[in-house]
Amino acid sequence: MNIGFIGLGIMGRPMAKNLLKAGHKLVVYDKFAPLDDVVAAGAAAGSSNRDTASKSDLVITMLPNSPHVKEAILGKDGVLEGIKPGSIVVDMSSIAPAASQEVGAALKAKGIPFLDAPVSGGEPKAVDGTLAIMVGGDQATFDKVKPVLDKLGASVILVGGVGAGNTTKLANQIIVALNIAAVSEAFVLSTKAGVNPQAVFDAIKGGLAGSTVMNAKIPMILEGNFKPGFRIDLHIKDLQNALDTAHSLNVPIPLTASVMETLQALKADGDGPSDHSAIAKHYEKLAKIQVRK
Ligand code: NAD
């Protein structure tokens with residue numbers, strides 16, 4: 001199976017390399033980022049999204065947000081113009097579910113099956129090939145593509161029709177953002193009350209308050225290390241998609257709206273490029289104390 005891989009950013013680059021390591025033939029393309037190291041690892045270089053699609057049985061995209069995916073697939077010189085009958089498109093970007101459905105419908109009109117398959121786990125799991133992949137689409141297309149996705153992820157789950165993958169990813173991003181905010185608020189309080197934050201972490205991590213988020217982010221907060229990881233700017237993008245989706249369904253999500261304003265305040269302070277563990281800095285500023293070792 002020839003695979004076209006579009007979008008060689010923080011996530012796409014190691015994912016493409018894992019597919020090469022697994023023995024797949026790859027054509028790669030990125031509108032802005034260099035292709036050299038992936039070509040050196042064995043991929044062919046595409047000259048546009050259209051050209052890449054024309055040489056592929058399966059096209060995978062890993063792009064920032066809905067407008068980029070729509071441009072790359074539906075736009076001029078895009079995937080839709082080049083794709084061959086019988087090929088499949090899988091978008092692994094985190095975008096609005098409505099945008100996934102729009103792209104899926106345009107491809108379906110040309111007889112091309114589509115899956116939305118966003119991921120959780122960040123760069124380390126993209127490198128290890130152990131991402132959590134949540135997929136929207138039909139069972140038959142999922143079954144055809146799953147052996148390829150298994151090379152990228154430790155868990156690959158079909159959650160529903162097209163758009164359901166990104167709806168699941170929005171749920172994931174709400175839970176992660178609110179969890180970091182809750183951890184930040186709690187640790188600022190306990191630190192200001194005079195209790196050692198490392199001791200608080202050790203005491204509660206095995207109980208009901210323990211979480212993968214707390215295990216990953218408290219060590220960073222205690223070190224004052226806010227190097228990304230997952231950038232505040234990207235989490236703003238995801239929470240905006242969550243708010244838009246919720247409001248289109250008449251669902252109020254007040255806690256998400258509140259954390260969104262925290263992220264906006266951090267962005268205004270120059271922390272857009274920081275890791276989302278920097279949510280703690282906002283609470284530290286409010287209470288005039290730092291949660292450090
Ligand atoms: P990134 O910005 O590093 O990479 C995106 C790439 O897409 C860039 O190299 C850019 O040049 C390319 N691009 C943009 N528009 C294009 C177009 N029209 N045609 C071709 N290429 C184009 O982003 P990333 O961190 O790799 O994230 C990709 C997606 O994965 C995002 O939706 C993000 O939310 C999601 N995600 C990221 C992480 C993470 O930790 N970084 C974790 C989980 C999910």
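Nothing fancy with the numbering, it's 1 onward along the sequence. Whatever order the structure lists ligands and atoms in, that order sets their numbers, starting from 1.
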inquiry  = Could you walk me through whether Asp77 and Ser48 satisfy the side-chain hydrogen bond (donor to acceptor under 3.5 Å, both in side chains) test, starting with their C-alpha distance in whole Å, then the side-chain angles of each, then the deciding distance to 0.1 Å, before giving a yes or no?
reply    = CA-CA 7 Å; Asp77 270 335; Ser48 67; 4.9 Å; no
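- The shortest contact between atom 27 (O) of ligand 1 and any protein heavy atom is with Met11 CG, 3.9 Å.
- Atoms of ligand 1 found under 4.0 Å from any heavy atom of Lys169 (numbered from 1 in listed order, with element): 43 (C), 44 (C).
- Here the protein heavy atom with the shortest distance to atom 21 (N) of ligand 1 is Lys31 N, 3.2 Å.
- Nearest to atom 8 (C) of ligand 1 among the protein's heavy atoms is Asp30 OD2, 3.4 Å.
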task = Go through Asp238 and Asn65 one step at a time and tell me if the side-chain hydrogen bond (donor to acceptor under 3.5 Å, both in side chains) criterion holds.
result = CA-CA 9 Å; Asp238 289 335; Asn65 198 7; over 6 Å; no
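- Look at Arg13 and Glu123 and you find no salt bridge, because none of the NZ, NE, NH1 or NH2 atoms lies under 4.0 Å from a carboxylate O.
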task = Could you go through the side-chain hydrogen bond (donor to acceptor under 3.5 Å, both in side chains) check for Thr212 and Asn215 one step at a time?
result = CA-CA 5 Å; Thr212 309; Asn215 289 344; 5.8 Å; no
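- Not a single heavy atom of Ser120 sits under 4.0 Å from any atom of ligand 1.
- The atoms of ligand 1 that sit less than 4.0 Å from any heavy atom of Gly122 are 40 (O), 42 (C).
- Ranking the protein heavy atoms by distance from atom 13 (N) of ligand 1 puts Leu63 CD2, 3.6 Å first.
- The pair Asp271-Lys267 does not meet the salt-bridge criterion, since no charged nitrogen lies less than 4.0 angstrom from a carboxylate oxygen.
- Among Tyr29, Phe230, Phe32, the residue whose heavy atom lies closest to atom 39 (C) of ligand 1 is Phe230.
- Taking every non-hydrogen atom of Ala33 and a distance limit under 4.0 Å, the qualifying atoms of ligand 1 come out as 9 (O), 11 (O).
- No more than 12 heavy-atom neighbours from other residues, nucleotides or ligands sit within 6.0 angstrom of NZ on Lys288.
- Using a 4.0 Å cut-off between a side-chain N of Lys or Arg and a carboxylate O of Asp or Glu, Lys146 and Asp150 qualify as a salt bridge.
- Taking atom 4 (O) of ligand 1 as the reference point, the nearest protein heavy-atom neighbour is Gly9 CA, 3.2 Å.
- Closest protein heavy atom to atom 35 (C) of ligand 1: Ser94 OG, 3.6 Å.
- Salt bridge annotation for Arg231-Asp275: absent, with no cationic side-chain nitrogen under 4.0 angstrom from a carboxylate oxygen.
- Annotation: atom 5 (C) of ligand 1 to nearest protein heavy atom, Pro64 CD, 3.7 Å.
- Distances shorter than 4.0 angstrom occur between a heavy atom of Lys237 and an atom of ligand 1.
- Within 6.0 Å of the NZ atom in Lys125, the count of heavy atoms belonging to other residues, nucleotides or ligands does not exceed 12.
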task = Would you please test Lys217 and His276 for side-chain hydrogen bond (donor to acceptor under 3.5 Å, both in side chains) and show each step?
result = CA-CA 9 Å; Lys217 300 305 174 185; His276 53 177; 3.1 Å; yes
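- When only non-hydrogen protein atoms are considered, atom 43 (C) of ligand 1 lies nearest to Val119 O, 3.6 Å.
- At a heavy-atom cutoff of 4.0 Å, ligand 1 is contacted by no atom of Ile95, backbone or side chain.
- Assignment of Met92 to the shell around ligand 1 is not supported, since no heavy atom sits closer than 4.0 Å.
- Considering Gln264, Lys285, His282, Lys281 as possible partners of Asp269, the one that fulfils the side chain to side chain donor-acceptor pair (under 3.5 Å) test is Lys285.
- Ligand 1 has no N or O atom lying under 3.5 Å from any N or O atom of Gly121, backbone or side chain.
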